[in-house]
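Input: a single structure, listed below in structure tokens.
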Amino acid sequence: RTSIRFELDQPQYVGLRVYDLGGRLVRVLETGRWTDSGRHEIPRDGRDGAGRSLASGVYLLALSVAGETQLQKVSLIK
């Protein structure tokens with residue numbers, strides 16, 4: 001279990017998705033929800049969208065804010 005942290009300087013629509021390295025969507029954590037400015041933390045439990053436990057490996061986090069998307073590699077180690 002971990003958390004994904006980010007900070008917004010003004011209120012924005014935020015989307016957060018997890019992909020495997022093949023580009024397949026694993027889970028949607030936020031779907032364009034209006035989010036206030038400030039620091040935010042979204043819990044991540046290592047499961048896919050159907051609730052199944054994910055395998056150890058490298059995944060991509062895609063954080064979308066104000067029409068721009070930032071990607072970051074993350075490792076899941078069990």
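Quick note: numbers below take in every heavy atom, side chains included, and nothing from hydrogens, waters or symmetry partners. Numbers for residues simply follow the sequence, beginning at 1.
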- Message: Atom CD of residue position E7 - does it have more than 12 heavy atoms of other residues, nucleotides or ligands inside 6.0 Å?
- Response: yes
- Same hydrophobic cluster for L76 and L25, using side-chain heavy-atom links shorter than 4.5 Å among ILVMFWY? no
- Task: Could you check if a side-chain atom of F6 sits within less than 4.5 angstrom of a side-chain atom of V65, using non-hydrogen atoms only?
- Result: no
- Message: Set out, in order, the CA-CA distance, both residues' side-chain angles and the distance that settles side-chain contact (heavy atoms from CB on, under 4.5 Å) for L8 and H40, then state yes or no.
- Response: CA-CA 8 Å; L8 299 173; H40 299 277; 4.2 Å; yes
- Which atom names give the shortest non-hydrogen contact between S3 and P43, and what distance separates them? OG-CA, 4.1 Å
- Task: Locate the shortest heavy-atom distance separating V58 from S75; write the atom from each residue and the value.
- Result: CG2-OG, 4.0 Å
- Task: Hey, could you give me the CZ/CG distance between R17 and L60, rounded to the nearest 0.5 Å?
- Result: 14.0 Å
- Message: In the structure I gave you, are the side-chain heavy atoms of E41 and I4 within less than 4.5 Å of one another anywhere?
- Response: no
- Task: Quick one: closest heavy-atom pair of D20 and V26, and the distance?
- Result: N-CG2, 3.5 Å
- Below 4.5 Å, heavy atoms only, C-beta onward: do R44 and L29 meet side chain to side chain? yes
- Quick one: CG on L16 to OG1 on T69, what's the gap to the nearest 0.5 Å? 10.5 Å
- Query: Looking only at atom types and distance, does a side-chain atom of K78 sit under 3.5 Å from a main-chain N or O of L54, one as donor and one as acceptor?
  - Reply: yes
- Are D45 and R27 within salt-bridge range, i.e. N to O under 4.0 Å? yes
- Query: Taking side chain as C-beta onward, heavy atoms only, is L71 less than 4.5 Å from L61?
  - Reply: no
- Message: Are I42 and Y19 linked, directly or through intermediate hydrophobic residues, by side-chain heavy-atom contacts shorter than 4.5 Å (ILVMFWY only)?
- Response: no
- Considering all heavy atoms, the nearest Y13-G32 contact: CD2-O, 3.1 Å
